[in-house]
Amino acid sequence: MVRSVSQTEQYLDKCAHQYFLRRVEGITPRPAAWSLQGTAFHSAIEEYERGGRKADAGTVADLFSQGYSQAAIKALDKEPDLSKWLTAGPDGGSDIEARYVLGRQQAADYVNWSKEHGPSLWKAPDGRLGVELHVQAEIGGVQVQGYIDQLPEEPDESVRVRDLKTGSTKSKFQLETYTILVRKVLGLVTNKADWYMAKKGGLSRPIDMSKLSEDQVGEKYARMDEGVKRGDFPPNPGFGCRFCDVSHACNFKR
């Protein structure tokens, strides 16, 4: 079984019973406009980067609009009852509209930021660009995979792991996992990692990864993998239930 950051954090840090409902029972999660926004933003920026940053801000904003609208229509077909959508706004419909506007602005802001700061992205000998790069390797005795948003090159010929965020939630564990995967799969030196925060249109402070070991990261994957294989899925009811996308099928929610 191949594990991921999202699986491991869901099981260990959020709620193991949520993991059970989503990934074992196969409960259909409730849609959320913030998820559609994040996916459409990533797709638009990936196309922009793969195109050599030739597109202007308006064009990339339109790419976001197309991806977001298509995803929203598809999600509404599956769940037309907006009262069942997860939302950070007053209601599902308002949240969908607000994130359309916000996402367009974030996509345009990224273009303006990139043209000013111009981070050089790593490119493999076979031509693969360090954008939305799939990597997989064994960590802690467990097969782990991830999709790295970006690998900017550093002046000292190392690379930096970068994750793009449209919201406020950040995962240091994700950056740590991707750092280990980059070292193991690509054989590259990586001593720093950071986030591009679309909310503010710039980078976070870099995180020092120079002393990060595989054992540190592998311990969490091993613990999660063992728990799942034991069939151990304890609930963790509390504030997080408000944002749980399978709470409608849970007997422990608060």
Next item on the list: Carefully, step by step, assess F233 and H17 under the rule ring pair (Phe, Tyr, Trp, His ring centres under 6.0 Å).
Entry: CA-CA 5 Å; F233 302 104; H17 191 66; 8.0 Å; no
Side chains of [X] and [Y], heavy atoms from C-beta outward: is any pair under 4.5 Å?
X    : Y    : answer
R99  : S94  : no
Q136 : H134 : yes
L203 : R162 : yes
V161 : M209 : no
K229 : M1   : no
Y110 : V60  : no
V5   : S171 : yes
K14  : N236 : no

Next item on the list: Check the pair F20 / Y11 against side chain to side chain contact (heavy atoms under 4.5 Å, CB included), numbers first and verdict last.
Entry: CA-CA 8 Å; F20 173 77; Y11 182 86; over 6 Å; no
Note to self: With side chain to side chain donor-acceptor pair (under 3.5 Å) as the test, pick out the partner of R160 among D194, T190, N191.
What the structure shows: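 By the side chain to side chain donor-acceptor pair (under 3.5 Å) criterion, R160 pairs with just one of D194, T190, N191: D194.
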State, to 0.1 Å, how close [X] and [Y] come at their nearest heavy-atom pair, and which atoms those are.
X    : Y    : answer
R30  : K84  : CD-O, 2.9 Å
F41  : F64  : N-CD1, 3.6 Å
C15  : P234 : SG-O, 4.3 Å
E79  : W85  : O-NE1, 2.9 Å
Y196 : G201 : OH-CA, 3.4 Å
P119 : S114 : CD-O, 4.2 Å

Verify the distance criterion only: is there a donor paired with an acceptor across the side chains of [X] and [Y] at less than 3.5 Å?
X    : Y    : result
S69  : Y100 : no
T166 : K199 : no
S213 : Q216 : yes
D109 : Q105 : yes
R23  : Q10  : yes
T59  : D62  : no

Side chain of [X], backbone of [Y]: donor and acceptor closer than 3.5 Å?
X    : Y    : value
H248 : T28  : yes
S204 : W195 : yes
Y68  : I96  : yes
S35  : A32  : no

Can you measure from [atom1] ([X]) to [atom2] ([Y]) and round to the nearest 0.5 angstrom?
X    : Y    : atom1 : atom2 : answer
E176 : L212 : CD    : CG    : 5.0 Å
D225 : I139 : CG    : CD1   : 12.5 Å
E49  : L121 : CD    : CG    : 5.0 Å
R53  : I45  : CZ    : CD1   : 10.5 Å
Q143 : S4   : CD    : OG    : 13.0 Å
L181 : L188 : CG    : CG    : 12.0 Å

Checklist line | Derivation and outcome, salt bridge (charged side-chain N to carboxylate O under 4.0 Å, His left out), residues R22 and D245 | finding: CA-CA 9 Å; R22 276 285 306 274; D245 56 7; 2.9 Å; yes
Notebook entry, point to check: What's the verdict on side-chain hydrogen bond (donor to acceptor under 3.5 Å, both in side chains) for Q174 and E9, showing C-alpha distance, side-chain angles and the deciding distance?
Noted result: CA-CA 9 Å; Q174 182 180 37; E9 289 188 323; over 6 Å; no
Check: Taking only residues two or more places apart in sequence or in another chain, which ones pass salt bridge (Lys or Arg N to Asp or Glu O under 4.0 Å) with R183?
Finding: none
Next item on the list: Flag the pair K170 and D163 as a salt bridge only when some basic side-chain nitrogen lies within less than 4.0 angstrom of an acidic carboxylate oxygen.
Entry: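 Here K170 does not pair with D163 in a salt bridge, since their nearest N and O are not under 4.0 Å apart.
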Check: Any ion pair linking K220 and D13 (charged N to carboxylate O, less than 4.0 Å)?
Finding: yes
Margin query: Taking the six-membered ring for Trp, are F173 and Y221 closer than 6.0 Å centroid to centroid?
Written below: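 Yes: the rings meet the under 6.0 Å criterion.
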Next item on the list: Quick one: which residue pairs count as a side chain to side chain donor-acceptor pair (under 3.5 Å) with a foot in residues 122-132, not counting sequence neighbours?
Entry: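 Output for this query lists D126-R128.
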